[in-house]
Colleague: 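Sharing a structure with you now.
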Amino acid sequence: MDIKNKSGDFLGKIQMESLESDHVVDQIIRNLRPGDGKAIYLANAAETNQFTQQTNYAAVEWEHGLDQLKEMLTEWQPKFPIFAEVERIKVYYGFDNLTPDEIEAMAEESRITGQQVIIRDLKPNNKLVGIRISYQGDGGYTLQIFGTTKSRILLSDLELSEVKPMCVRDAEAFYFSNHGTDRLIWIEVGSGGKALQYELNGQKQSAAALIQVAERMST
């Protein structure tokens, strides 16, 4: 689903697919390990969907405190829960995007070999793309924020049937459970003008409880 703001501007995309999907991209995603990134060329897909990059960012411990982390995120200017005690911080680093020439080389390989699917490894870099903060109290919950706003989430058919569309902080949101974890996910533009994807999750956390935390977030 394309996520847009009130003016109709595109902010990001959140796709929820079945774990039973036999689509080649979903099969690749299921096999991604933390720290893996793959570029995928699909010869038989529509032209706008022939190339995609799928990643599973690895969480790395951050040992410099929340204040220093905020200094690194001045471009984002994200919002955080208020009156919450930080228990643990992890960060995610990204991958280099393939160049147009590298993408064309994948297409050329497909044309020469006849292979319908061409895959390349993405090269990790040191660019911070996301954070994960665990908080104490209220049963404990975790906040994830990503500067990348295109997600593909695999759920069981039962979990898919129970996804609930919502409105959080004047933004489209989704609440669902996945492997026993309750998740609230939405996209909004930070005060720095950049679209950010937020996710709150916890064990046995109701939608109301997670929404309450979200609505009280501040810079």
Colleague: Would you say that Ile153 contacts Phe174 through its side chain, given a criterion of any heavy-atom pair below 4.5 Å between the two side chains?
Modeller: no

Colleague: Flag yes if more than 12 heavy atoms outside Arg33 fall under 6.0 Å of its CZ atom; otherwise flag no.
Modeller: no

Colleague: Check salt bridge (Lys or Arg N to Asp or Glu O under 4.0 Å) between Asp26 and all other residues, then give those that pass, not counting sequence neighbours.
Modeller: Arg152

Colleague: Side chains of residues 212-219: which donor-acceptor partners sit under 3.5 Å, not counting sequence neighbours?
Modeller:
| unit_1 | atom_1 | unit_2 | atom_2 | d |
| --- | --- | --- | --- | --- |
| Glu215 | OE2 | Arg169 | N | 3.0 |

Colleague: For residues 86-103, dump all side-chain donor-acceptor pairs below 3.5 Å to protein atoms at least two apart in sequence or in another chain.
Modeller:
| unit_1 | atom_1 | unit_2 | atom_2 | d |
| --- | --- | --- | --- | --- |
| Arg88 | NE | Glu61 | OE2 | 2.8 |
| Arg88 | NH2 | Glu61 | OE2 | 2.4 |
| Tyr92 | OH | Gln144 | OE1 | 2.6 |
| Asp96 | OD1 | Asn125 | ND2 | 2.9 |
| Asn97 | OD1 | Gln53 | NE2 | 2.8 |
| Thr99 | OG1 | Glu102 | N | 3.1 |
| Thr99 | OG1 | Glu102 | OE1 | 3.4 |
| Glu102 | OE1 | Thr99 | N | 2.8 |

Colleague: Please give me the minimum heavy-atom distance between Asp157 and Ser18, naming the atom from each residue.
Modeller: OD1-OG, 2.6 Å

Colleague: Glu159: which residues meet the side-chain hydrogen bond (donor to acceptor under 3.5 Å, both in side chains) condition with it, sequence neighbours left out?
Modeller: Ser156, Asn178

Colleague: Looking only at heavy atoms, what is the nearest atom pair of Ile185 and Glu199, with distance?
Modeller: CD1-OE1, 4.0 Å

Colleague: Go through the structure and list residues passing side-chain hydrogen bond (donor to acceptor under 3.5 Å, both in side chains) with Gln203, not counting sequence neighbours.
Modeller: Thr181

Colleague: Which residue pairs pass the ring pair (Phe, Tyr, Trp, His ring centres under 6.0 Å) test with at least one member in residues 191-219, sequence neighbours excluded?
Modeller: Trp186-Tyr198

Colleague: Is the closest basic N to carboxylate O distance between Lys194 and Glu75 below 4.0 Å?
Modeller: no

Colleague: Show the atom names and distances, to 0.1 Å, of all donor-acceptor pairs under 3.5 Å that link a side chain in residues 63-72 to residues at least two apart or in another chain.
Modeller:
none

Colleague: Any idea which heavy atoms bring Ile187 and Ala195 closest together, and the distance?
Modeller: CG2-CB, 4.3 Å

Colleague: Taking only residues two or more places apart in sequence or in another chain, which ones pass ring pair (Phe, Tyr, Trp, His ring centres under 6.0 Å) with Phe51?
Modeller: none

Colleague: Report the distance from atom CD1 of Ile28 to atom OG1 of Thr52, rounding to the nearest 0.5 Å.
Modeller: 9.0 Å

Colleague: Taking side-chain hydrogen bond (donor to acceptor under 3.5 Å, both in side chains) as the test, write out the residues that go with Ser151, two or more places apart.
Modeller: Gln197

Colleague: Can you name the closest pair of heavy atoms from Asn56 and Pro34 and give their distance?
Modeller: ND2-N, 3.4 Å

Colleague: Residues two or more places apart in sequence or in another chain: which of them pass side chain to side chain contact (heavy atoms under 4.5 Å, CB included) with Ala107?
Modeller: Tyr41, Glu104, Arg111

Colleague: Can you name the residues that form a side-chain hydrogen bond (donor to acceptor under 3.5 Å, both in side chains) with Lys38, not counting sequence neighbours?
Modeller: Asp121

Colleague: Quick one, Asn49 and Leu42 - any side-chain contact, counting heavy atoms below 4.5 Å?
Modeller: no

Colleague: Among residues two or more places apart or on two chains, list those pairs meeting ring pair (Phe, Tyr, Trp, His ring centres under 6.0 Å) that have a residue in residues 108-127.
Modeller: none

Colleague: Are Trp76 and Trp62 connected in a single hydrophobic cluster, I mean Ile/Leu/Val/Met/Phe/Trp/Tyr linked by side-chain heavy atoms less than 4.5 Å apart?
Modeller: yes

Colleague: Taking Ser21 for its side chain and His23 for its backbone only, find out whether a donor-acceptor pair lies under 3.5 Å.
Modeller: yes

Colleague: Is there side-chain contact between Ile145 and Phe80, with at least one heavy-atom pair below 4.5 Å?
Modeller: yes

Colleague: Is the backbone of Leu196 close enough, under 3.5 Å, to the side chain of Thr149 for a donor and an acceptor to pair up by distance?
Modeller: no

